[in-house]
Every structure is written in C-alpha cells, then in structure tokens.
Amino acid sequence: MHRILLRQSLFLPLAALLLPMLLVLGVPHYSSLTQHVSDIQLLDHPIADLMRVAPIVCGTSILGFGIGAWLSAPSRFPFTALTSAAVAANFISAGIFVSGSPLHGLYGVGFFIPLVPACFAAESGLGRGILRVSLAVAVVSMAYLWLNLSGVDPVRGLTQRAAIVLIMGWYAFASHHLLRAMDPARVAAEGAHP
C-alpha cells in the first residue's frame, strides 16, 4: 500500500496544479504574471471549476505521500506525515473555499509547506544530496511565502508558479528516492557490499 501512495506522488501533486496553470494561458481578463493561481477560481470560465478540483486532488496526493512515507517506516517519518497532513488540509480547503474566503488555505496553514521537506530531510537518512535538496526546497519555499505575504513581488503570479513547480516537484523527488531506497534488489545489493 505504501508503494502505491508514494508512486502516485511521483506525478499527481505537480500535474494537478500544472494543468489549470497551463490551460488558463490566453484566457481573457487573467494574467499569469500578476495574479495568483487561486484567482482562476473567480473567473467566469469553465476553467474556474477545474481550479476548484485541482487543489483538492493535489492535497489528497500530498496526504497520500505523508501516509506512504509513514507506512514505509512508521518510527522514521512521523513529522513528515504530520506536516504533510497539514499541507494537504491547506490545499483541500483552497479547493473547497474560493479565493477571498478566510477558509481558503485554512487561515494560512500553508506555512507548513516548508516543513514537509525540512522534516523529510531530518527523518529520511537517505544521504547528503537528498538532505541538501530537501533543505534547499524548504528555504526557497519559506522565501516564497515571505514574498507572498510582504506584497513586494510585482510578478507574484510568475513567482507563485515557479514555487509551485519547485515545491510540487520536490514530492516527485522525495517519492522517487524513498521508492528507490525500498527496492528489494537495491537493498540486497547494498547489503552485500558494505
């Protein structure tokens, strides 16, 4: 079961948000450079409905990642699982409640976004390279959240899209390395060559 949950997060978190981000290009009265992705929900266009479903799918996938990591090694990934659940709640609420509602993003629980890769870095033990990439994503995520809150970003739509690709791409990266570490053939080969 944990392998299925990790495999889906190889593509689903990023694909769920990338689809409406690409489909909205060229839609009148919307700027991908200056408007947030959630603003798509406010359009009088069929893509608005897709943008209500996309964060729910993304959040459910992130929850699956957290559960999959935890099931793969329950004593090793408790904080990755908990922070993934918080981020999942953020995304699911962003789909249920439209942009502008205080419940959109559950009052800023999105600040847990950098904690998932940071907790994963602390808990995974998968090597220095994975640790550094995960910590870099955590720091860049935090910088993005600061830019988003400060209001000093003139191209906030573009910045958000870059952050989405990086953050959601990290789930694919982390899932890939977890699945690779659990591969029986690889584990046996590494056990034979200490």
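Numbers for residues simply follow the sequence, beginning at 1.
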Side-chain donor-acceptor pairs of residues 134-144 under 3.5 Å, sequence neighbours excluded:
| residue | atom | partner | partner atom | Å |
| --- | --- | --- | --- | --- |
| S134 | OG | I130 | O | 3.0 |
| S134 | OG | W170 | NE1 | 3.0 |
| S141 | OG | V137 | O | 2.6 |

Review item, side-chain donor-acceptor pairs of residues 43-59, under 3.5 Å, at least two apart:
| residue | atom | partner | partner atom | Å |
| --- | --- | --- | --- | --- |
| H45 | ND1 | I47 | N | 3.1 |
| R52 | NE | G95 | O | 3.0 |
| R52 | NH2 | I96 | O | 2.5 |

Between side-chain atoms of residues 111-124 and protein atoms elsewhere (two or more places apart, or another chain), which donor-acceptor pairs fall under 3.5 Å?
| residue | atom | partner | partner atom | Å |
| --- | --- | --- | --- | --- |
| E123 | OE1 | T80 | N | 2.9 |
| E123 | OE1 | T80 | OG1 | 2.6 |
| E123 | OE2 | F79 | N | 2.9 |
| S124 | OG | F120 | O | 3.2 |
| S124 | OG | L126 | N | 3.4 |

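Among residues two or more places apart in sequence or in another chain, the side chain to side chain contact (heavy atoms under 4.5 Å, CB included) test is passed with A73 by R76, F77. With sequence neighbours left out, the side chain to side chain contact (heavy atoms under 4.5 Å, CB included) criterion links L63 to I67, A85, A88. Qualifying side chain to side chain contact (heavy atoms under 4.5 Å, CB included) partners for L25, counting only residues two or more places apart in sequence or in other chains: L22, S32.
Atoms CG and CZ, from L166 and F173 in turn, are 11.0 Å apart once rounded to the nearest 0.5 Å. Atoms CZ and OG, from R156 and S150 in turn, are 11.0 Å apart once rounded to the nearest 0.5 Å. Remark: M1 CE to L6 CG distance equals 11.0 Å, nearest 0.5 Å.
Checking side-chain atoms of S101 against main-chain N and O of V98 turns up no donor-acceptor pair under 3.5 Å. A donor-acceptor pair under 3.5 Å is formed between the side chain of H104 and the backbone N or O of F97. Here the side chain of Q160 pairs a donor or acceptor atom with the backbone of V37 at under 3.5 angstrom. When atom types are taken as modelled, the side chain of R161 and the backbone of G157 share a donor-acceptor pair closer than 3.5 angstrom. R7 places no side-chain N or O within 3.5 Å of a backbone atom of L179 that could act as its donor or acceptor partner.
Checked by atom type, the side-chain pair S9/S175 shows a donor-acceptor distance below 3.5 Å.
In the hydrophobic clustering of ILVMFWY residues, with side-chain heavy atoms under 4.5 Å counting as a link, F65 and M182 come out together.
When every heavy atom of V165 is checked against every heavy atom of L14, the shortest pair comes out as CA-CD1, 3.8 Å.
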